[in-house]
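Okay, so here's the structure we're looking at.
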Amino acid sequence: QVQLVESGGGLVQAGGSLRLSCAASGRSFSSYAMGWFRQAPGTVREFVAAISWSGGPTYYADSVKGRFTISRDNAKNTVYLQMNSLKPEDTALYYCAAGRPMSPFNYYDLSQYPYWGQGTQVTVSS
């Protein structure tokens, strides 16, 4: 089992940047695929980005491709989401999630991730 705690959210103007962090506790963090999802009020939770257990393959939603970068540091049990060129439509509660990659593993599907953090709020003003 793994516990996840997000941090780094806040209020930023459009065009600005934020870096979210997700600290994991528990064993075998390096064996988990990690994802970031977000949920705005009145909408469903949606995929943002994911990274394989090794930090090799990464995956992005079309809406954030080229602006957001996911990375991980397995020595620190932490996954990051660098968000640049933020837009008001990026405003949401951002969640970190962990899943054990089994074949096939759909990185884009939130049901593949049994472990979730509490979320960190990102608000982008226009």
Side-chain angles (χ1 to χ4, degrees):
Q1 192 145 1
V2 63
Q3 292 80 43
L4 304 171
V5 178
E6 303 95 336
S7 62
L11 173 64
V12 64
Q13 288 189 332
S17 298
L18 283 174
R19 187 174 85 153
L20 305 184
S21 298
C22 173
S25 60
R27 301 178 67 178
S28 304
F29 169 77
S30 61
S31 67
Y32 286 89
M34 299 299 297
W36 286 96
F37 294 77
R38 67 187 182 187
Q39 188 169 16
T43 69
V44 298
R45 195 170 299 187
E46 65 175 8
F47 171 80
V48 175
I51 189 167
S52 70
W53 65 272
S54 66
T58 55
Y59 309 83
Y60 296 95
D62 288 343
S63 59
V64 307
K65 205 170 291 184
R67 299 188 298 122
F68 291 11
T69 302
I70 188 171
S71 62
R72 68 188 295 163
D73 186 338
N74 286 343
K76 295 183 178 180
N77 281 12
T78 303
V79 64
Y80 305 97
L81 185 67
Q82 178 65 44
M83 305 186 296
N84 299 329
S85 302
L86 282 161
K87 305 175 180 179
E89 51 264 43
D90 294 318
T91 295
L93 190 59
Y94 283 70
Y95 296 92
C96 173
R100 281 286 182 91
M102 301 178 184
S103 183
F105 186 87
N106 185 345
Y107 285 86
Y108 301 87
D109 183 359
L110 61 83
S111 70
Q112 300 280 290
Y113 299 84
Y115 306 111
W116 291 81
Q118 294 300 305
T120 185
Q121 178 67 38
V122 171
T123 303
V124 184
S125 64
S126 57

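Predicted model, so just to flag it, every value in this text is computed and none were measured.
- Leu18 and Val64 fall within a single hydrophobic cluster, where Ile, Leu, Val, Met, Phe, Trp and Tyr are joined by side-chain heavy atoms under 4.5 Å apart, directly or via other members.
- Clustering ILVMFWY residues whenever any of their side-chain heavy atoms sit less than 4.5 angstrom apart, transitively, puts Tyr94 in a cluster other than the one holding Tyr113.
- Checked by atom type and distance alone, the side chain of Glu6 pairs as donor or acceptor with a backbone atom of Gly119 at under 3.5 Å.
- A pairwise comparison of heavy atoms in Arg67 and Ser85 identifies NH1-O, 3.0 Å as the closest pair.
- The aromatic rings of Trp116 and Phe37 sit tilted, their planes meeting at an angle between 30° and 60°.
- For the pair Gln39 (side chain) and Ala92 (backbone), a donor-acceptor distance under 3.5 Å is absent.
- The distance from the NZ atom of Lys87 to the OG atom of Ser126 is 14.0 Å, given to the nearest 0.5 Å.
- In plain terms, the two heavy atoms of Gln112 and Pro114 that are nearest each other are O-CD, 3.3 Å.
- Summarising the geometry of Ala33 relative to Phe105, their closest heavy-atom pair is CB-CE2, 3.8 Å, with the distance given to 0.1 Å.
- Hydrophobic clustering (side-chain heavy atoms under 4.5 Å, transitive across Ile, Leu, Val, Met, Phe, Trp, Tyr) groups Val2 together with Ile51.
- Residues Cys96 and Val79 come closest through the heavy atom pair SG-CG1, 3.8 Å.
- Between Asp90 and Phe68, some side-chain heavy-atom pair lies under the 4.5 Å cut-off.
- Each of Tyr115 and Tyr59 belongs to its own hydrophobic cluster when Ile, Leu, Val, Met, Phe, Trp and Tyr are linked at side-chain heavy-atom distances under 4.5 angstrom.
- Between atom SG of residue Cys22 and atom CZ of residue Arg72 there is a gap of 10.0 Å, rounded to the nearest 0.5 Å.
- Distance check: Gln118 CD to Ser7 OG gives 13.5 Å after rounding to the nearest 0.5 Å.
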Q) Hey, mind stepping through Tyr107 and Tyr60 against ring-ring contact (aromatic ring centres under 6.0 Å, His included) and telling me if it holds? A) CA-CA 9 Å; Tyr107 285 86; Tyr60 296 95; over 10 Å; no
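- Val122 has its side chain within reach of Met83: a pair of non-hydrogen atoms, C-beta onward, lies under 4.5 Å apart.
- In this structure, the separation between CG on Leu86 and CD on Gln13 is 11.5 Å, given to the nearest 0.5 Å.
- Hydrophobic cluster membership is shared by Tyr95 and Tyr108, with clusters built from Ile, Leu, Val, Met, Phe, Trp and Tyr side chains linked at under 4.5 angstrom.
- Note that OG1 of Thr43 and CZ of Arg38 are 9.0 Å apart. Values are rounded to the nearest 0.5 Å.
- Once rounded to the nearest 0.5 Å, the distance linking CE of Met34 with OG1 of Thr78 reads 9.0 Å.
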Q.
Show, in sequence, the C-alpha distance, side-chain angles and deciding distance for Trp36 and Tyr80, and conclude whether the side-chain contact (heavy atoms from CB on, under 4.5 Å) test is met.
A. CA-CA 9 Å; Trp36 286 96; Tyr80 305 97; 5.9 Å; no
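- Shortest non-hydrogen contact noted between Leu4 and Ala24 is CD2-CB, 3.7 Å.
- Nearest approach of Leu20 to Gly9, heavy atoms of both residues: CD2-N, 3.6 Å.
- When atom types are taken as modelled, the side chain of Thr91 and the backbone of Val124 share a donor-acceptor pair closer than 3.5 angstrom.
- Cation-pi geometry between Arg100 and Tyr32 is met: under 6.0 angstrom from the ring centre, within 45 degrees of the axis.
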